[in-house]
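Since the structure comes first, as structure tokens, the remarks are kept for the end.
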Amino acid sequence: MEKNRVVMKALKTAFPYTIPIFAGFWFLGITYGIYMNVSGFSFWYPMIMGLIIFAGSLEFVAVSFLLSPFHPLQVLIMTLMIQARHLFYGISMLDKYKNVGWKKWYLMFGMCDESFSINYSAHIPEAVDKGWFMFWVTFLNHMYWVSGATLGGLVGSLMTFDTNGLDFAMTAMFVVIFLEQFLKEKKHWTAWIGFLSAVTCRLLFGAENFMVPTMIGILLFLTLFRKPIEKEGGFL
Amino acid sequence: MTMVQQFITIGICVVGTVLTRCLPFFIFSSKKPTPVYIQYLGKALPSAIFAMLVVYCLKNVSIFSGSHGIPEAVSIIVVVLVHIWKRQMLFSIGAGTVCYMLLVQFVFTA
């Protein structure tokens, strides 16, 4: 009984933090489900992909993987490129995800941008179990995403209006995430390094092959300019 | 693509994602401090990566043909302005997407 009380208390504390994510994930999840639907996939696809991949940006890109010729190596490289940022979330969460028992496995699996952001920044009251709090944040976000994607996949077939251009939601999402990051910074060295590396490599290597050189370029320039960037605070 | 190839493709997405989310926990034991260089990258990378992802979304836009990237440019400006105005992620994404859909469906019809 005592355990139930601890678990429920953590849920009550966690839920309000996830309300904005609910709105965002339903909008993007439904959009993603519709996008899958109009691309010719049954609702099972967005539902199961939402459940087992649980990564918004990659799932949008995965639609184009599924519509292209089979190319597993390219899919793996693209996946690792798009998801590489999680490596750094993990580094930030090494301490916070300690001592939470079996829940650590699920927390690692479900560490999307939003779950990471909340679990990293939330001030969890002393009386609330941290492990269960982070579990509920991750779990609620996961369920919002899966239900939105499923719903989009189901109602997509009932859509009578022209959905051409709907996939721009993904671009808009990245623009907003980038802008949020940009507005927080004092200097923008790292943003410029990322932008110029990507544009230059896109022009040099073409639309299909520029991501790997871009990542290498970013690592190279971040390493070369480490001293001035750290001195000037070229990031938050 | 056959159904088996689809399942393999989705499976690779799962494995790749889980790998990037779990690897630091396996490499850096919580008993030892994280190397300073890795800590630096953790702070410096996010902006660079988000900038790269915006470019990635626009990789197929051509300035010299089709609609010359005008719908994309206009819609991104809308997203940025609305976001600076309201600071509501959902609202900014919605406004930009509606703007883009209207432009490609009614103005820049191919």
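By convention in this document, chain letters (A, B, ...) are assigned in the order of the sequence lines, proteins followed by strands, and residues within each chain are numbered from 1. In this text the structure is predicted, and so the values were computed from the model without any measurement.
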Closest-packed option against chain B by number of heavy-atom pairs under 4.5 Å, given [options]:
options	value
Leu76(A), Val175(A), Val61(A), Leu222(A)	Leu222(A)
Leu66(A), Ile77(A), Thr214(A)	Leu66(A)
Thr31(A), Leu80(A), Leu28(A), Leu107(A)	Leu80(A)
Gly206(A), Gly110(A), Gly90(A), Pro69(A)	Gly90(A)

What part of [X] gets closer than 4.5 Å to chain B, counting heavy atoms only: side chain, backbone, both or neither?
X	answer
Phe54(A)	both
Leu183(A)	side chain
Leu87(A)	both
Tyr89(A)	side chain
Phe210(A)	side chain
Pro72(A)	both
Ala84(A)	backbone
Leu179(A)	side chain
Phe116(A)	neither
Ile218(A)	side chain
Met93(A)	both

Do Val100(A) and Lys130(A) have side chains that get closer than 4.5 Å, going by heavy atoms?
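A side-chain contact under 4.5 Å is absent here.
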Determine yes or no for a side-chain-to-main-chain donor-acceptor pair under 3.5 angstrom, with [X] supplying the side chain and [Y] the backbone.
X	Y	answer
Arg21(B)	Met108(A)	no
Gln83(A)	Thr79(A)	no
Thr97(B)	Ile93(B)	yes
Gln105(B)	Leu102(B)	no

Test of understanding: with side-chain hydrogen bond (donor to acceptor under 3.5 Å, both in side chains), list the residues that count as partners of Ser65(B), not counting sequence neighbours.
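Residues passing side-chain hydrogen bond (donor to acceptor under 3.5 Å, both in side chains) with Ser65(B): Ser62(B).
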Which region of [X], side chain (C-beta onward) or backbone (N, CA, C, O), has a non-hydrogen atom less than 4.5 Å from a non-hydrogen atom of chain A, or is it both or neither?
X	result
Leu58(B)	side chain
Tyr56(B)	both
Phe26(B)	side chain
Met1(B)	side chain
Val80(B)	both

Once you round to the nearest 0.5 Å, how far does CG of Leu219(A) lie from CG of Leu224(A)?
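Leu219(A) CG to Leu224(A) CG: 11.0 Å, rounded to 0.5 Å.
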Working to the nearest 0.5 Å, report the span between OG1 of Thr171(A) and CZ of Phe178(A).
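Here the rounded value is 14.0 Å.
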Evaluate side chain to side chain donor-acceptor pair (under 3.5 Å) for His83(B) paired with Glu180(A), printing each intermediate quantity in order.
CA-CA 9 Å; His83(B) 194 68; Glu180(A) 275 293 324; 2.7 Å; yes
Do Arg226(A) and Tyr40(B) form a cation-pi contact, if we require the NZ or CZ to be under 6.0 Å from the six-membered ring centre and within 45 degrees of the ring's axis?
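Yes, a cation-pi geometry.
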Step-by-step side-chain contact (heavy atoms from CB on, under 4.5 Å) determination, Met111(A) to Tyr97(A):
CA-CA 11 Å; Met111(A) 192 174 54; Tyr97(A) 283 175; 3.9 Å; yes
What is the ring orientation for Phe225(A) with Trp189(A), classed by angle as parallel under 30°, tilted 30 to 60°, or perpendicular over 60°?
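The arrangement is perpendicular - the two ring planes meet at more than 60°.
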So which of Val18(B), Val82(B), Ile76(B), Leu23(B) has the largest heavy-atom pair count under 4.5 angstrom toward chain A?
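Heavy-atom pair counts peak at Ile76(B).
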Determine the option with the most heavy-atom pairs under 4.5 angstrom with chain A, choosing from Thr17(B), Ile8(B), Val15(B).
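Option with the greatest count: Thr17(B).
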Let's go through Lys104(A) and Phe25(B) carefully: what are the C-alpha distance in whole Å and the side-chain angles of both, what is the deciding distance for side-chain contact (heavy atoms from CB on, under 4.5 Å) to 0.1 Å, and is it a yes or a no?
CA-CA 10 Å; Lys104(A) 181 171 178 178; Phe25(B) 295 93; 3.9 Å; yes
Side-chain donor-acceptor distances from residues 17-27 of chain A under 3.5 Å, at least two apart:
residue, atom, partner, partner atom, Å
Thr18(A), OG1, Phe15(A), O, 2.7
Thr18(A), OG1, Tyr144(A), OH, 2.8
Trp26(A), NE1, Tyr144(A), O, 3.4
Trp26(A), NE1, Ser147(A), OG, 3.0

Distance-only donor-acceptor hits, side chain of residues 191-205 of chain A, under 3.5 Å, sequence neighbours excluded:
residue, atom, partner, partner atom, Å
Ser197(A), OG, Ile193(A), O, 2.6
Thr200(A), OG1, Leu196(A), O, 2.6
Arg202(A), NE, Lys59(B), O, 2.7
Arg202(A), NH2, Lys59(B), O, 3.0

Evaluate the criterion side-chain contact (heavy atoms from CB on, under 4.5 Å) for residue pair Met49(A) and Met36(A); output intermediate values, then yes/no.
CA-CA 11 Å; Met49(A) 287 165 72; Met36(A) 282 297 283; 3.7 Å; yes
Please determine whether side chain to side chain donor-acceptor pair (under 3.5 Å) holds for the pair Asn37(A) and Tyr45(A), giving the CA-CA distance in whole Å, both sets of side-chain angles, and the decisive distance to 0.1 Å.
CA-CA 9 Å; Asn37(A) 188 294; Tyr45(A) 282 83; over 6 Å; no
Listed by residue number, which members of residues 68-75 of chain B have a heavy atom under 4.5 Å from any heavy atom of chain A?
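From residues 68-75 of chain B, the residues near chain A are Glu72(B), Ser75(B).
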